[in-house]
**Q** 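If you scroll down you'll find the structure; I have some questions about it.
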Amino acid sequence: MKIEDYLRQLNTKKEVFQEVFEYAVDHRVPIIDSDALTFLKQIIQLTKSKNILEIGTAIGYSGLHMLNVNEDVTLTTIEKNEESYNIAKNNFKAYNVSERVTQILGDAKEVEINDTFDLVFIDASKGNNLLFFEKFSQLLSEDGIVVVDNILLRGQIVDNNLESKNRIKLRDKVQKFNEYIYENYPSASFLNIGDGLLIINK
């Protein structure tokens with residue numbers, strides 16, 4: 001067994017939202033990897049984050065888990081796909097957390113929010129990571145942090161043999177974002193967890 005697989009096993013917890021998880025698998029809805037999710041929830045606990053902004057609700061899977069860290073957590077979450085927005089709405093309702101959720105239906109590139117957040121979780125269109133970071137990191141509280149998922153693109157980030165023009169374009173955009181953070185935020189951490197997590201202090 002590879003050491004990465006050993007650690008992934010240890011960091012994979014029993015699923016709390018089994019029905020939502022199974023829906024994501026059955027319908028091929030991309031969701032955060034289990035080990036990355038464990039780390040994200042640990043960050044929320046350690047930083048005592050209460051007010052969280054999520055870019056990319058999808059069906060509400062990550063949101064449910066972040067809300068599950070403790071009952072003081074509130075979530076503002078943006079989704080541009082109306083079908084996903086409605087599925088997430090039903091999932092939040094089914095698990096009785098709707099009162100702690102502010103759902104926004106719209107394109108995160110255009111949505112304007114006037115609030116302050118302890119943690120911003122970016123998990124939307126990867127080619128827009130830089131735009132989302134520059135826009136929404138402005139809303140962080142004094143000690144707030146940004147967490148970005150999928151910074152490794154399932155290995156494509158270092159694949160020089162890609163043939164698809166779209167994949168090459170996406171890889172180049174994510175590389176540009178990662179390099180921007182590397183050069184401008186010396187304390188940022190690039191982690192080989194899940195599909196790659198990036199932690200950025202304000």
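What you see is a predicted model, and the numbers here were worked out from it, not measured in a lab. Along the sequence shown, residues are numbered consecutively beginning with 1.
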**Q** Under 3.5 Å, side chain of Arg100 to main-chain N/O of Leu67, donor-acceptor pair present?
**A**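 Answer holds: yes.
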
**Q** Please lay out, stage by stage, how Thr77 and Val101 fare under the test side chain to side chain contact (heavy atoms under 4.5 Å, CB included).
**A** CA-CA 8 Å; Thr77 182; Val101 180; 4.1 Å; yes

**Q** Roughly how far, to the nearest 0.5 Å, is the CZ atom of Phe133 from the CG atom of Leu130?
**A**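 Atom-to-atom, Leu130:CG and Phe133:CZ are 8.5 Å apart.
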
**Q** With rounding to the nearest 0.5 angstrom, report the CZ to OG distance, Arg8 to Ser34.
**A** 10.0 Å

**Q** Strictly distance-based, threshold 3.5 Å: is any side-chain N or O of Asn68 a donor or acceptor partner for the main-chain N or O of Leu64?
**A** no

**Q** Would you say Glu179 and Gln175 are linked by a side-chain donor-acceptor pair, where the criterion is simply a distance under 3.5 Å?
**A** no

**Q** With a 3.5 Å cut-off and no angle check, do the side chains of Asn150 and Asp195 form a donor-acceptor pair?
**A**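 There is such a pair between these side chains.
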
**Q** Determine whether a donor-acceptor pair (N or O, by modelled atom type, separation under 3.5 Å) exists between the side chain of Ser98 and the backbone of Lys93.
**A** yes

**Q** Consider only side-chain N and O atoms of Asn11 and Thr38, and report whether a donor and an acceptor are under 3.5 Å apart.
**A**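 Asn11 vs Thr38: no donor-acceptor pair found between side chains.
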
**Q** Does the ring centre of Tyr61 sit less than 6.0 Å away from the ring centre of Phe17?
**A**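 They do not qualify: ring centres at least 6.0 Å apart.
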
**Q** Count I, L, V, M, F, W, Y as connected when their side-chain heavy atoms are under 4.5 Å apart, and connections chain through other members. Are Leu139 and Ile199 then in the same cluster?
**A**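 Different hydrophobic clusters.
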
**Q** Take atom NZ of Lys176 as the centre, draw a 6.0 Å sphere, and report whether it contains more than 12 heavy atoms from other residues, nucleotides or ligands.
**A** no

**Q** Is Phe92 reachable from Ile31 through a run of hydrophobic residues whose side-chain heavy atoms are each under 4.5 Å from the next?
**A** yes

**Q** Under 6.0 Å from the CD atom of Gln18, do we count more than 12 heavy atoms belonging to anything else shown?
**A** yes

**Q** Does Arg154 pair with Asp33 as a salt bridge, N-O distance under 4.0 Å?
**A** yes

**Q** Looking only at heavy atoms, which two atoms of Ile43 and Thr47 are closest? And how far apart?
**A** O-OG1, 2.7 Å

**Q** Say you draw a straight line from CG of Asp26 to CZ of Phe21; how long is it, rounded to the nearest 0.5 Å?
**A**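 Nearest 0.5 Å value for the CG-CZ distance: 9.5 Å.
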
**Q** Does a salt bridge link Asp172 with Lys169, judged by any charged N lying under 4.0 Å from a carboxylate O?
**A** no

**Q** Rounded to the nearest 0.5 Å, how far does NZ of Lys50 lie from CG of Leu75?
**A** 16.0 Å

**Q** For Ser137 and Glu134, work out which heavy atoms get closest and say how close.
**A** OG-O, 3.9 Å

**Q** Counting only N and O atoms by type, is there a donor-acceptor contact under 3.5 Å from the side chain of Thr57 to the main-chain atoms of Ile78?
**A** yes

**Q** Membership question, hydrophobic clusters at under 4.5 Å side-chain separation (ILVMFWY): are Val146 and Ile44 in the same one?
**A** no

**Q** Do the side chain of Gln103 and the main chain of Tyr85 share a donor and acceptor less than 3.5 angstrom apart?
**A**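 Yes; judged by distance alone, with no hydrogens or angles, the pair exists.
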
**Q** Answer yes or no: is there a donor N or O on one side and an acceptor on the other, between the side chain of Lys135 and the main chain of Lys109, under 3.5 Å?
**A** yes

**Q** Is it the case that atom OH in Tyr180 sees more than 12 heavy atoms from other parts of the structure closer than 6.0 Å?
**A**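 Yes.
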
**Q** Hey, quick one: are Ile32 and Leu152 part of the same hydrophobic cluster, counting side-chain heavy atoms closer than 4.5 Å, chains of contacts allowed?
**A**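 They do not share one cluster, since no chain of ILVMFWY contacts under 4.5 Å joins Ile32 to Leu152.
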
**Q** Distance only, no hydrogens: is a donor on one side chain within 3.5 Å (strictly under) of an acceptor on the other, for Glu15 and His65?
**A**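 There is such a pair (donor and acceptor under 3.5 Å, judged by atom type) between the side chains of Glu15 and His65.
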
**Q** A quick test of your reading: do over 12 heavy atoms of other residues, nucleotides or ligands sit less than 6.0 Å from NZ of Lys89?
**A**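 No, because the 6.0 Å sphere around NZ of Lys89 holds 12 heavy atoms or fewer from other groups.
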
**Q** Do Met66 and Val97 belong together in a cluster built from hydrophobic side chains that touch within less than 4.5 Å?
**A**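 Met66 and Val97: one cluster.
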
**Q** Can you name the nearest heavy-atom pair linking Leu198 to Ala188, along with the distance?
**A**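 Answer, listing the atom of Leu198 first, then Ala188: CD1-CB, 4.2 Å.
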
**Q** If you compare all heavy atoms of Val120 against all heavy atoms of Phe136, which two are closest, and at what distance to 0.1 Å?
**A**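 Looking at all heavy atoms of both residues, the shortest contact is CG2-O, 3.9 Å.
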
**Q** Out of curiosity, Asp118 CG to Asp143 CG, how far, rounded to the nearest 0.5 Å?
**A**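 Asp118 atom CG to Asp143 atom CG measures 9.0 Å (nearest 0.5 Å).
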
**Q** Supply the atom-to-atom distance Asp35 CG to Leu7 CG, rounded to the nearest 0.5 angstrom.
**A**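 Between Asp35 CG and Leu7 CG, I get 9.0 Å after rounding to 0.5 Å.
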
**Q** Quick one: list whatever passes side-chain contact (heavy atoms from CB on, under 4.5 Å) with Ala124, sequence neighbours left out.
**A** Ile55, Phe132

**Q** Show your working on side chain to side chain contact (heavy atoms under 4.5 Å, CB included) between Phe190 and Leu197 and close with a plain yes or no.
**A** CA-CA 6 Å; Phe190 298 81; Leu197 277 183; over 6 Å; no

